[in-house]
Chemist: 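Take this structure, written in structure tokens, and hold onto it; I'll ask about it next.
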Amino acid sequence: MTTARGQGRAALAYLSPALLVLVALLGYPVYQLVVISFFDYGQEQVSGGAPLEFLGLGNYSTLLGSAKFWSVLGQTVGFAAVCVTGTLVVGAVLAVLSTRIRPWARTCLFLAALGAWATPAVAGSTIWLFLFDANFGLVNSLLGLDGFSWTYGKWTAFGLVAAEVIWCSFPFVMITLYAGIRAVPTEVLEAAALDGASGWRTARSVLLPLLRPLLIVVTIQSIIWDFKVFTQVYVMTGGGGIAGRNLVLNVYAYQEAFAASEYGLGAAIGVVTTLILLAITVFYLRALRRSGEVL
């Protein structure tokens, strides 16, 4: 009989090629990001016109002492929260709907969803800008809002970008939860129906506990994806909006690193963003483990 330790070694042996690839592709760039964040690394240093100056935690001190950083961090958290909530709600509703419609309608829904999922972020953002164009957009024409600019106002711009992010993110949640619902034994649902449970009670007391591991996965994935959104914000707000009103952390890092040539400060923003995401993930997993949830 194979022992648990033997099974663990076998699993590690199977995963080792993938781990080596991940270390090669991610380990070195992350290492370089951390190293650069400790130096005064600007255009002069890149061109060789000035030597590197070690700042230690100087870039982090400058960053954490900046009111702009905390403002952008708050905007990023709020924007990600809206996107994650919207993605989970839309994906879950459509997953349940997919189990109750005819096969041909479900196929059409899945094809449309996969089309949104497969659309490159730049192309999807450009299409949404065209649909919501102030003068020629289909949406403004239908709503009678000719001349209204969705990207001029801070909150309308954030709302438009959030809607586009949800549109291209919900298919992952929908298909994952649909597969989970289909995997639930029919005997369990029939037993709930025989006990007189309503559809809502069955969903809350039967389906939700069984789907909780999948919900954990899609929630963590959505938090990571939506917290580090770059392309949609950059393309749809023209690089962060008027006077930087629509900045999020990744766009802020890009502006500092490449527009202002402060590569060290931009790297520090990237490191802080990574640490925040790791902290959120670890906190979430530890809270679930304390509650006795099996992942």
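In what follows, every heavy atom counts, from backbone to side chain, and hydrogens, waters and symmetry copies are set aside.
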Chemist: Count the heavy atoms of every other residue, nucleotide or ligand shown that sit under 6.0 Å from CZ of Phe230, and state whether that count exceeds 12.
Modeler: yes

Chemist: Met174, Trp104: one ILVMFWY side-chain cluster at the under-4.5 Å cut-off?
Modeler: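 Shared cluster, no.
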
Chemist: Between Trp225 and Phe172, does the ring centroid distance fall short of 6.0 Å?
Modeler: yes

Chemist: Output the rest of the hydrophobic cluster of Val93: all Ile, Leu, Val, Met, Phe, Trp and Tyr residues reachable through side-chain heavy-atom contacts under 4.5 Å, sorted by chain and number.
Modeler: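 In the cluster with Val93 are Val89.
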
Chemist: Just distance, no hydrogens or angles: give the donor-acceptor pairs under 3.5 Å from side chains in residues 244-252, sequence neighbours left out.
Modeler:
from: Arg245; atom 1: NE; to: Ile242; atom 2: O; distance (Å): 3.4
from: Arg245; atom 1: NH2; to: Tyr152; atom 2: O; distance (Å): 2.4
from: Asn246; atom 1: ND2; to: Lys154; atom 2: O; distance (Å): 2.9
from: Asn250; atom 1: ND2; to: Lys228; atom 2: O; distance (Å): 2.6

Chemist: If hydrophobic clusters are built from ILVMFWY residues whose side chains come within less than 4.5 Å, do Leu275 and Val77 share one?
Modeler: yes

Chemist: Just checking, any donor-acceptor pair under 3.5 angstrom between side chains of Trp150 and Asn140?
Modeler: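 Looking only at side-chain atoms, Asn140 and Trp150 do form a donor-acceptor pair, the distance falling under 3.5 Å.
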
Chemist: Using a 3.5 Å distance criterion without hydrogens, assess whether the side chain of Gln255 forms a donor-acceptor pair with backbone atoms of Gly239.
Modeler: yes

Chemist: How long is the straight-line distance from CG of Leu114 back to CG of Leu109, given to the nearest 0.5 Å?
Modeler: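 The CG atom of Leu109 sits 9.5 Å away from the CG atom of Leu114.
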
Chemist: At what distance, to the nearest 0.5 angstrom, does CD of Gln221 lie from OG1 of Thr87?
Modeler: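 Going from the CD atom of Gln221 to the OG1 atom of Thr87 covers 12.0 Å.
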
Chemist: Output yes when a side-chain donor or acceptor of Ser141 lies under 3.5 Å from a complementary backbone atom of Gly137, and no otherwise.
Modeler: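 Such a contact is absent between Ser141 side chain and Gly137 backbone.
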
Chemist: As an exercise, state the distance from CG of Leu160 to CD of Gln232, rounded to the nearest 0.5 Å.
Modeler: 11.0 Å

Chemist: Report yes or no: do Tyr178 and Thr99 form a side-chain donor-acceptor pair below 3.5 Å?
Modeler: no

Chemist: Atom CG in Leu215, atom CG in Leu177: separation rounded to 0.5 Å?
Modeler: 5.5 Å

Chemist: Could you check whether any side-chain N or O of Asn59 sits under 3.5 Å from a backbone N or O of Asp40, counting only pairs where one atom can act as donor and the other as acceptor?
Modeler: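 Side chain of Asn59 to backbone of Asp40: no pair is present.
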
Chemist: When you look at Thr156 and Thr151, which way does the side chain to side chain contact (heavy atoms under 4.5 Å, CB included) test go after all the steps?
Modeler: CA-CA 6 Å; Thr156 55; Thr151 57; over 6 Å; no

Chemist: Going only through I, L, V, M, F, W and Y residues with side-chain contacts under 4.5 Å, is there a path from Phe136 to Met236?
Modeler: no

Chemist: Do Phe69 and Leu64 have side chains that get closer than 4.5 Å, going by heavy atoms?
Modeler: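 Yes; the side chains approach each other to less than 4.5 Å.
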
Chemist: According to a 4.5 Å side-chain heavy-atom criterion applied to Ile, Leu, Val, Met, Phe, Trp and Tyr, with indirect links allowed, do Leu33 and Leu278 form part of one hydrophobic cluster?
Modeler: no

Chemist: Using 0.5 Å steps for rounding, measure from the OG atom of Ser66 to the CG atom of Leu265.
Modeler: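 These two atoms lie 8.0 Å from each other.
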
Chemist: In the single-linkage hydrophobic clustering (I, L, V, M, F, W, Y; side-chain heavy atoms under 4.5 Å), do Tyr41 and Phe54 co-cluster?
Modeler: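 Yes, Tyr41 and Phe54 fall within the same hydrophobic cluster.
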
Chemist: Between SG of Cys83 and CZ of Phe158, what distance do you get to the nearest 0.5 Å?
Modeler: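 If I round to the nearest 0.5 Å, the distance is 9.5 Å.
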
Chemist: Measure up the Trp128 and Phe132 rings against each other and bin them: parallel (under 30°), tilted (30 to 60°), perpendicular (over 60°).
Modeler: parallel

